[in-house]
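Side-chain atoms are counted along with the backbone in the values below, which use heavy atoms only and exclude waters and symmetry mates. Here the structure is a predicted model, which means the values were calculated and not measured.
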Amino acid sequence: MPTITDLNGPAGRLEAVLDLPAADVTDTSPVRAAVVFAHPHPQFGGTMHTKAVYQGAKGLARRGCAVLRFNFRGVASSEGTFDQGDGEKADFSAALGYMSAKYPGTPLWAAGFSFGAWVALEVGALDDRVSALIGIAPPVTTSVSGMKYEFPATLASEKPKFFVQGEADEVCPIEGMWQFYARLHEPKELVIIDAADHLFDGKTREVGEALEDLLEGF
């Protein structure tokens with residue numbers, strides 16, 4: 001899991017790591033996709049090491065993907081300060097540019113968990129380089145510190161969309177996810193993890209396994 005030292009966003013250097021496919025995958029085939037995976041809300045403890053992000057990235061790596069996890073501005077060693085989402089979207093765009101340059105000609109996917117899902121879905125939906133969108137427990141009915149998350153680009157997008165949701169999510173309730181999912185254009189797929197809360201406590205490994213299953217035939 002190489003540490004990335006040359007990822008820069010608009011506010012400065014961004015701390016990042018790269019999860020690579022297993023050696024037996026890369027020995028027989030090229031990297032399946034280059035993925036940028038965004039973490040939960042920086043002001044509520046979210047980092048690139050959040051368990052669901054870690055396990056989600058590992059699941060994608062098992063499917064042959066190279067996955068970039070990074071800390072948004074102001075988190076841990078990343079430079080800058082929290083910017084209410086606008087700066088974090090710019091950070092994600094910079095990370096997409098980094099992976100696009102590192103893996104030219106490889107499909108580019110946008111992924112994220114919670115707040116990071118909002119960032120990834122909305123940025124990825126508008127970026128022509130991105131060919132698939134992945135959201136883990138997106139905050140489709142949630143307001144945090146007076147900020148309501150809107151998904152106009154995601155709702156308008158016809159790119160393939162893949163979601164993982166906890167059945168017992170207390171922050172982003174499953175009822176809201178079903179309503180949101182019904183409004184999305186095809187193609188789309190959704191996996192529900194039984195009895196899982198918002199952080200998938202005790203079930204984070206299932207997040208990675210769900211992504212493996214979702215993307216098996218994609």
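- Under the 3.5 Å distance criterion, the side-chain polar atoms of Lys51 are left unmatched by any main-chain donor or acceptor of Gly202.
- Applying the salt bridge (charged side-chain N to carboxylate O under 4.0 Å, His left out) criterion to Lys58, with sequence neighbours excluded, gives Asp19.
- From His198, atom NE2 reaches atom SG of Cys172 across 4.5 Å, with rounding to the nearest 0.5 Å.
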Ignoring hydrogens and angles, write down the donor-acceptor pairs under 3.5 Å from the side chains of residues 87-94, residues two or more places apart or on other chains.
{"residue": "Glu88", "atom": "OE1", "partner": "Gly85", "partner atom": "N", "Å": "2.7"}
{"residue": "Glu88", "atom": "OE2", "partner": "Asp83", "partner atom": "N", "Å": "2.9"}
{"residue": "Asp91", "atom": "OD1", "partner": "Arg73", "partner atom": "NE", "Å": "3.2"}
{"residue": "Asp91", "atom": "OD1", "partner": "Arg73", "partner atom": "NH2", "Å": "3.0"}
{"residue": "Asp91", "atom": "OD2", "partner": "Arg73", "partner atom": "N", "Å": "3.0"}
{"residue": "Asp91", "atom": "OD2", "partner": "Arg73", "partner atom": "NE", "Å": "3.0"}
{"residue": "Ser93", "atom": "OG", "partner": "Lys89", "partner atom": "O", "Å": "3.2"}

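- If you take SG on Cys65 and OH on Tyr103, they are separated by 10.5 Å, rounding to the nearest 0.5 Å.
- Between Gln179 and Tyr181 the shortest side-chain heavy-atom distance does not fall below 4.5 Å.
- Put simply, Leu126 and Leu184 are part of two different groups of oily side chains (I, L, V, M, F, W, Y) that touch within less than 4.5 Å, one to the next.
- Nearest heavy atoms, Ala16 versus Leu7: CB-CD2, 3.8 Å.
- Remark: the His185 side chain and the Ser157 side chain contain no N/O donor-acceptor pair separated by less than 3.5 Å.
- Distance check: Ile4 CD1 to Leu18 CG gives 4.5 Å after rounding to the nearest 0.5 Å.
- Applying the salt bridge (Lys or Arg N to Asp or Glu O under 4.0 Å) test to residues at least two apart or on different chains, none of the pairs has a partner in residues 92-115.
- Shown here are the side-chain contact (heavy atoms from CB on, under 4.5 Å) partners of Pro152, two or more places apart in sequence or in another chain: Glu122, Glu150.
- Under the salt bridge (charged side-chain N to carboxylate O under 4.0 Å, His left out) criterion, Arg129 pairs with Asp127, sequence neighbours left out.
- Shown here for Ala110 and Gly124, the closest heavy-atom pair between the two residues is CB-CA, 4.0 Å.
- The structure places CH2 of Trp118 at 8.0 Å from CZ of Phe151, a figure rounded to the nearest 0.5 Å.
- Between Pro138 and Gln165, the closest heavy-atom pair is CD-OE1, 4.1 Å.
- A donor-acceptor pair under 3.5 Å is absent between the side-chain atoms of Asp169 and the main chain of Pro173, judged by distance alone.
- With hydrogens and angles disregarded, a donor-acceptor distance shorter than 3.5 Å links the side chain of Thr47 to the backbone of His49.
- Of all heavy-atom pairs spanning Ser131 and Pro107, the tightest one is OG-CB, 3.9 Å.
- Residue Met99 holds its CE atom at 9.0 Å from OG1 of Thr106, rounded to the nearest 0.5 Å.
- In terms of heavy atoms, Ala117 sits closest to Gly135 at CB-CA, 4.0 Å.
- With 3.5 Å as the limit, one finds a donor-acceptor pair spanning the side chains of Tyr98 and Asp6.
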Inset, instruction - Give the C-alpha distance, both sets of side-chain angles, the deciding distance and a yes or no for side-chain contact (heavy atoms from CB on, under 4.5 Å) between Phe180 and Leu155. - result: CA-CA 8 Å; Phe180 175 75; Leu155 289 166; 3.7 Å; yes
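- For Glu15, the side-chain hydrogen bond (donor to acceptor under 3.5 Å, both in side chains) test picks out Asn71, with sequence neighbours left out.
- The 12-atom threshold is exceeded at CZ of Arg13, counting heavy atoms of other residues, nucleotides or ligands nearer than 6.0 Å.
- Every residue two or more places apart in sequence or in another chain that forms a side-chain contact (heavy atoms from CB on, under 4.5 Å) with Glu186 is listed here: Lys188.
- Note on residues 67-90: pairs passing ring pair (Phe, Tyr, Trp, His ring centres under 6.0 Å), not counting sequence neighbours, are His39-Phe72, His41-Phe82, Phe70-Phe72, Phe72-Phe115.
- With a 4.5 Å cut-off between side-chain heavy atoms of Ile, Leu, Val, Met, Phe, Trp and Tyr, the cluster of Trp109 takes in Val35, Phe37, Val53, Leu60, Val67, Phe113, Ile134, Ile136, Phe162, Val164, Val191, Ile193, Leu199, Phe200, Val207, Leu211, Leu214, Leu215, Phe218.
- With sequence neighbours excluded, the residues satisfying side-chain contact (heavy atoms from CB on, under 4.5 Å) with Ala195 are Glu167, Lys203.
- In this structure, the side-chain contact (heavy atoms from CB on, under 4.5 Å) partners of Glu212, at least two apart in sequence or on a different chain, are Arg62, Arg63, Glu209.
- Atom CD of Gln55 and atom OG1 of Thr50 lie 12.0 Å apart (nearest 0.5 Å).
- Looking at every heavy atom in both residues, Leu20 comes nearest to Ala66 through CD2-CB, 4.4 Å.
- Judged purely by atom type and a 3.5 angstrom limit, Arg69 uses its side chain to pair as donor or acceptor with the backbone of Met48.
- Residue pairs meeting the salt bridge (Lys or Arg N to Asp or Glu O under 4.0 Å) criterion with at least one partner in residues 133-142, sequence neighbours excluded, do not occur; the list is empty.
- One hydrophobic cluster, built from ILVMFWY side chains closer than 4.5 Å, cannot hold both Val75 and Tyr54; they sit in different ones.
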